[in-house]
Visitor: 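Have a look at this one.
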Amino acid sequence: MASQVKPDLLSSAPAHGARHVAIIMDGNGRWAKKRFLPRIAGHRAGVEAVRRVSRAARELKLECLTLYAFSSENWKRPASEVADLMGLLRHFIQSDIDELHANGVRLRIIGNYRVLEPSLVEMIDGAMARTAGNTGPVIAIALNYGAQDEMVRAARRLAQRAVAGEIAAEDIGVEAIDEALDTADLPPLDLLIRTSGEHRLSNFMLWQAAYAELYFTDMLWPDFDAHALGQALDAFRMRDRRFGGL
Ligand code: FPP
């Protein structure tokens, strides 16, 4: 008997239709404060949320999940908090890379991470190289990332190529800029989520967010989970994306 299932339901594309979701993980400090705990406790709970949401992203068949872990402006925080955040990142890569690799995840870093402490850079490069051949989702961590800095670095790269005579000024268009950004080989950004009730982009993926859907929730990042991601994707599914058309 012929299958009654519509061909599009046979495809493995997820029903929510999103390929790339990015999250501004905000509210760790407030989560800790509400519990009379030090800020580091909020960041630790934030790492647990990173684990939960990374697993959920795989189950929801996202191609890419980008997480804003440390901005190029976060250096303004007290040195002890900066050290805590770097320590958590280091520990996360050390302790989770086996599971991520076993699940076919490709780890990527966006942002100017090369200026970080050499042993951390080495660890990051090792983790990225180890998972580069995987075929599962990309988990991209934005580290020492600022969208304006990313665009400046891209502009410089293109200018250097122009000066070297490799490209003409007229060759610099949307595609060339796309390819010069840290996100060059990642899918287009579909959905940008910010937790903790703040309604701003804070220098995150400004170029990539041109046609992304924005989703804000009052939930603090350490409380975010698979259900919350599902709710954001349900909201995304209801949006009418026109990309400037009708
Ligand atoms: C914002 O909360 C959060 C950050 C600046 C850091 C996010 C980092 C993590 C979740 C942990 C490390 C990440 C990985 C990928 C292992 P906030 O401290 O600004 O919160 P507040 O606005 O309530 O003070």
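Only this structure's heavy atoms are used, side chains among them; waters, hydrogens and symmetry mates stay out. Whatever order the structure lists them in is the order used to number ligands and atoms, beginning at 1.
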Visitor: Is the side chain of R194 donor-acceptor paired with the backbone N or O of I23 at a distance under 3.5 Å, no angle test?
Guide: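 Here the side-chain-to-backbone pair does not exist.
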Visitor: Identify the protein heavy atom lying closest to atom 11 (C) of ligand 1, giving its residue, its atom name and the separation to 0.1 Å.
Guide: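 Going atom by atom, the protein heavy atom closest to atom 11 (C) of ligand 1 ends up being V47 CG2, 3.7 Å.
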Visitor: Quick check against the 3.5 Å criterion: does T131 have a side-chain atom that pairs as donor or acceptor with the backbone of L107?
Guide: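 Yes: the side chain of T131 pairs with the backbone of L107.
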Visitor: Can you check which of K33, M25, R77, R30 brings a heavy atom nearest to atom 17 (P) of ligand 1?
Guide: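 Answer by nearest heavy atom: R77.
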Visitor: Is the shortest side-chain N to carboxylate O distance from R55 to E99 below 4.0 Å?
Guide: yes
Visitor: Short N/O distance, under 3.5 Å, between Y68 and ligand 1?
Guide: no
Visitor: State the atoms of ligand 1, each with its element, that fall below the 4.0 Å cut-off from a heavy-atom position in R39.
Guide: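 Under 4.0 Å from R39, ligand 1 has these atoms: 17 (P), 18 (O), 24 (O).
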Visitor: For atom 15 (C) of ligand 1, what is the closest protein heavy atom, and at what distance to 0.1 Å?
Guide: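 For this ligand atom, the closest protein heavy atom is I141 CD1, 3.9 Å.
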Visitor: Is a side-chain donor-acceptor pair under 3.5 Å present for S196 with E198?
Guide: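 Judged by distance alone, the side chains do not pair up.
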Visitor: Could you list the atoms of ligand 1 found under 4.0 angstrom from a heavy atom of W221?
Guide: 10 (C)
Visitor: Test your reading of the model: is there a side-chain donor-acceptor pair from D182 to the backbone of G111, 3.5 Å cut-off?
Guide: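 Yes, the answer is positive, given that a donor and an acceptor are paired below the 3.5 Å cut-off.
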Visitor: Does L67 have a heavy atom less than 4.0 Å from any atom of ligand 1?
Guide: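 Contact check L67 vs ligand 1: negative.
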Visitor: Can you tell me which residue and heavy atom of the protein come closest to atom 9 (C) of ligand 1, and the distance to 0.1 Å?
Guide: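 Protein heavy atom with the smallest distance to atom 9 (C) of ligand 1: N28 ND2, 3.8 Å.
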Visitor: G27: heavy atom below 4.0 Å from ligand 1, yes or no?
Guide: yes
Visitor: Could you find the nearest protein heavy atom to atom 14 (C) of ligand 1 and give me its residue, atom name and distance?
Guide: L89 CD2, 3.9 Å
Visitor: Determine whether Q208 and H20 satisfy the following criterion, side chain to side chain donor-acceptor pair (under 3.5 Å), listing intermediate values before the conclusion.
Guide: CA-CA 11 Å; Q208 296 85 346; H20 186 172; over 6 Å; no
Visitor: Taking atom types as modelled and ignoring hydrogens, do the side chains of T66 and R108 form a donor-acceptor contact shorter than 3.5 angstrom?
Guide: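 Short answer, no.
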Visitor: For the 3.5 Å polar cut-off, considering only N or O atoms, please tell me whether G29 and ligand 1 meet it.
Guide: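 Such a contact does occur with ligand 1.
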Visitor: Check ligand 1 against A69 and write out every atom of the ligand that is under 4.0 Å from a heavy-atom position of the residue.
Guide: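 Taking each heavy atom of A69 in turn, ligand 1 has 6 (C), 7 (C), 8 (C), 13 (C) under 4.0 Å.
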Visitor: Is it the case that the ring center of F204 lies less than 6.0 angstrom away from the ring center of Y145?
Guide: yes
